[in-house]
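A short worksheet on the structure shown next.
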Amino acid sequence: MRYLGIDYGTKRIGVALSDENGSLAFPSNVVKSGKNALEEIKLICEKNNVGAIVVGESTDFKGRDNPIMEEIKNFVSVLEKETNLPVDLEPEFLTSAQASRIQGEHGKIDTSAAALILQAYLDKKRNGDNR
C-alpha cells in the first residue's frame, strides 16, 4: 500500500509519498496552504493510489501541543472526510530543521520534512510499533 506523508504548515504543506510496498518515503510536492490545498492533496492521493495518510503531529519539548496543532487536527478531520482514507498522526519534532541540516536550505524543505515524518511512521510500522 502506498502512503502519503504531510508536513502541515500555515504557508506551505510538504507532501511525501511512499513506494508501493510502504517501505520507503520520498519527497514529492509542496502545496500552498489555503482553500485549494485540500483539493490538490486529494488529487495527489487519487493519482498515486494512496491507501492511507500520515500527518506530522506538532508538539513542544514537553510533549504538549504546539499552537498549530489545533489547525492540524481540523485539517485531519476534513482530510479524512474528503478522501475517505485513514489518517494517522506521527510525532514530528524539528523535522524541517533536520531536513535543512541534511540537504541545506532550499525551497522544498517542507517536502523533505514530510518524507522524514512518513519514513519514521513506516519504520515504526515495519518494526511492529503500533504505539
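Nothing fancy with the numbering, it's 1 onward along the sequence.
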Quiz item: side chain to side chain contact (heavy atoms under 4.5 Å, CB included) between Asn29 and Thr111: does it pass, once the steps are laid out?
Solution: CA-CA 6 Å; Asn29 301 49; Thr111 189; 5.5 Å; no
Practice problem: Return yes if some donor-acceptor pair links the side-chain N/O of Ser33 with the main-chain N/O of Gly9 below 3.5 Å, else return no. | Solution: yes
Quiz item: Is it true that Ile44 and Val78 fall in one hydrophobic cluster, defined by side-chain heavy atoms closer than 4.5 Å?
Solution: yes
Exercise. Quick one: which residue pairs count as a salt bridge (charged side-chain N to carboxylate O under 4.0 Å, His left out) with a foot in residues 34-45, not counting sequence neighbours?
Key: Lys42-Glu82
Exercise. Taking Ser28 for its side chain and Ala16 for its backbone only, find out whether a donor-acceptor pair lies under 3.5 Å.
Key: no
Exercise. Kindly state each residue pair satisfying ring-ring contact (aromatic ring centres under 6.0 Å, His included) with at least one member in residues 6-27, sequence neighbours excluded.
Key: Tyr8-Phe75
Self-check item: Glu80, CD atom: more than 12 neighbouring heavy atoms under 6.0 Å
Solution: yes
Exercise. Answer yes when Asp65 and Lys73 have at least one side-chain N-carboxylate O distance shorter than 4.0 Å, and no when they do not.
Key: yes
Quiz item: Do Asp60 side-chain atoms and Asn66 backbone N/O form a donor-acceptor pair below 3.5 Å?
Solution: no
Quiz item: If you group Ile, Leu, Val, Met, Phe, Trp and Tyr by side-chain heavy-atom gaps below 4.5 Å, do Leu38 and Ile68 land in one group?
Solution: yes
Quiz item: Any chain of hydrophobic side-chain contacts (each under 4.5 Å) joining Leu118 to Leu24?
Solution: no
Quiz item: Do you know which of Asn49, Asn21, Leu17 makes side chain to side chain contact (heavy atoms under 4.5 Å, CB included) with Arg2?
Solution: Leu17
